[in-house]
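Notes to accompany the following structure.
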Amino acid sequence: MQYLAEGLRLPTNGLDYTILAIYFVVVLGIGFAARASVKTSLDFFLSGRSLPAWVTGLAFVAANLGATEILGMAATGAQYGVAVVHWYWIGAIPAMVFLGLVMMPFYYRSKVRSVPEFLLQRFDRSAHLLSSILFAFAAILIAGVNLYALSIVVEALLGWDRWVAIVVAGVFVLLYITIGGLSSAIYNEVLQFFVILAALIPLTLLGLKRVGGWDGLSGSLEKQHGADFMSAWGGTGIGDANPLGANWLTIILGLGFVLSFGYWTTNFAEVQRALSAKNLSAAKRTPLIAAFPKIFIVFAVMIPGLVAAVVVPRIGTPDSDLTYNDAIPLLMRELLPNGVLGIAVTGLLAAFMAGMAANVSSFNTVFTTDIWQRYVKKDQSDAYYLKFGRLITAVGVLASIGTAFIAASFSNIMTYLQTLFSFFNVPMFVVFIIGMFWKRASMKSGVWGLVAGTTAAMVNYFVIYKQGIIDIPSDQGANFVSAIVGFVAGAVVMVVVTLFTAPKPEAELAGLVYGTESPDADEAPDEGDSAWYRKPALLGWGAIVLATLCYLPYSL
């Protein structure tokens, strides 16, 4: 397990702790205030679908701007350089716009309470159950990453043992989510968004001042790592070497398309925020509103990582006792005066709670509505499911405490997250995208697409990459390839299975497939069976070409 360096302790005083205590009181106060509005299970899981777009939009971006985002992206900046911008400008913004304009109408009009429930309407019970189990499992793993990220900060702040920090932090998040449900999580995320920025902006500015501005930063890092370290696209030609270990093709296809769209369009921790909006217009605007700050947040998480690579040139190497994950706590200790340090610590704790709350609240919704209510305890009262939702929230937090120790084995938690996304989000995305745009996709193709996508991604990572069958330069590069392979395998299997199994009756597809008639007047008109996305042969050959392109660069 990776532990924080012994010397990395933050010089906090009474002022810093006072700021921190005030924040915790406000967070719990919001939880108790939100409790008054939680009268039904819909209130607990989706805030009664009553929130305005500006609230859900800020909550949408804050749910993603968790401790894993801040510590992980700063770690990625320290390890790979300016290439971290790809995770925002290529790996986030286009998919967020696509979610708002194309996918939210399908989600919102179908009145689903979760992403797997949409698969039930489009495919069948087997696809629904498998996707629910995969998502619940992934949500617990990702919540554990947030717990581990927080423990890094708490250890630096208080000197607590890692396991103590993980348990105490998990219990606190459990309190405010269980009390106020999704409304408590969302309103706290709006507050946390501004607190996080108040922490990151001073750290970024003081960090730049410490290393002589952008010119001083660039000069130092280019001398240490070469010019490509300070260039997003430098060295990404096929066959060229670069810090990220990926070429332009795998960046665009693996990150920009498969991982990005897989995460932003099917990750219920994000989609749940938009589903809680008061109407379809607000739901569509939620990811669009979130996309604007997302454009600029990259600088506030990337620059501290770059600065840390200058301040400690050997960070993350065997010669140093600091991992890449320590970049942010290191700069907090080195740069921030008391008072500002308290705000920064509060901001990181806020980021952790935003990220973990998003995953735990999505886990309790999926487990309660998609697994327990549909397959275990049917036709119970609404009060029963509300009570069970609170109970399973506690179970989810306890499970997250366990998975936090898995995350501790990775020196860069963002690499670990991308690995999880390639295993779980990408297969779900391919099933969604084919199901939404190809009316002929059969009921049974959904579950087999999920199985094939998940299996192929895992085989690529654990066998082809880890066993050295194909030389892929880095874990991140392997994640991009795994994502492409998982997408291709899922698509090919869905097309093949569809050719031999019965389609869903067309009358049951209204509003679930692009181009089908819908009760809503603004639904897009039917484009007919001649549309490109309805041709299974084209989909199959396109997937095979993608697979070939995916491996070809590593064999040159």
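Predicted model, so just to flag it, every value in this text is computed and none were measured.
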For the [atom1] atom of [X] and the [atom2] atom of [Y], what is their distance to the nearest 0.5 Å?
X    : Y    : atom1 : atom2 : value
M302 : Y88  : CE    : OH    : 9.5 Å
F388 : T369 : CZ    : OG1   : 10.5 Å
F500 : S442 : CZ    : OG    : 11.5 Å
Q373 : E117 : CD    : CD    : 8.5 Å
T419 : F462 : OG1   : CZ    : 7.5 Å
M230 : H225 : CE    : NE2   : 10.0 Å

Can you tell if the side chain of [X] reaches within under 4.5 Å of the side chain of [Y], non-hydrogen atoms only?
X    : Y    : result
V395 : F367 : no
D370 : F135 : no
I93  : K294 : yes
R122 : V513 : yes
M104 : T286 : no
L306 : F229 : yes
I464 : V485 : no
V258 : V430 : no

Would you name the heavy atoms of [X] and [Y] that are closest together and state the gap between them?
X    : Y    : value
P94  : I90  : CD-O, 3.7 Å
T498 : R440 : O-NH2, 3.0 Å
T265 : L99  : CA-CD1, 4.1 Å
A309 : A78  : CB-O, 4.0 Å
V426 : F487 : CG1-N, 3.7 Å
A456 : G486 : CB-CA, 4.4 Å

When you look at OH of Y375, are more than 12 heavy atoms from neighbouring residues, nucleotides or ligands closer to it than 6.0 Å?
-> yes

What do you reckon, is CZ of F137 surrounded by more than 12 foreign heavy atoms closer than 6.0 Å?
-> no

Check: W264 ring centroid to F421 ring centroid under 6.0 Å = no

Check the pair L120, R125 against side chain to side chain contact (heavy atoms under 4.5 Å, CB included), reporting the backbone distance first and the verdict last.
-> CA-CA 6 Å; L120 174 64; R125 288 165 60 90; 3.9 Å; yes

Tell me, please, which residues at least two apart from S400 pass side chain to side chain donor-acceptor pair (under 3.5 Å).
-> none

Return the set of residues passing side chain to side chain donor-acceptor pair (under 3.5 Å) with T454 (not counting sequence neighbours), or none when no residue passes.
-> none

Kindly indicate, with the supporting measurements, whether the criterion side chain to side chain contact (heavy atoms under 4.5 Å, CB included) is fulfilled by W438 and V495.
-> CA-CA 10 Å; W438 187 27; V495 171; 4.0 Å; yes

Do side-chain atoms of [X] reach the backbone of [Y] as a donor and acceptor pair under 3.5 angstrom?
X    : Y    : value
K504 : F123 : yes
W89  : I295 : yes
T403 : I140 : yes
S422 : A483 : no
N479 : S482 : no
H86  : A232 : yes

Derivation and outcome, side chain to side chain contact (heavy atoms under 4.5 Å, CB included), residues W87 and V298 = CA-CA 9 Å; W87 274 266; V298 60; over 6 Å; no

Stepwise, does the side chain to side chain contact (heavy atoms under 4.5 Å, CB included) test hold for W448 with M494?
-> CA-CA 7 Å; W448 289 110; M494 284 189 72; over 6 Å; no

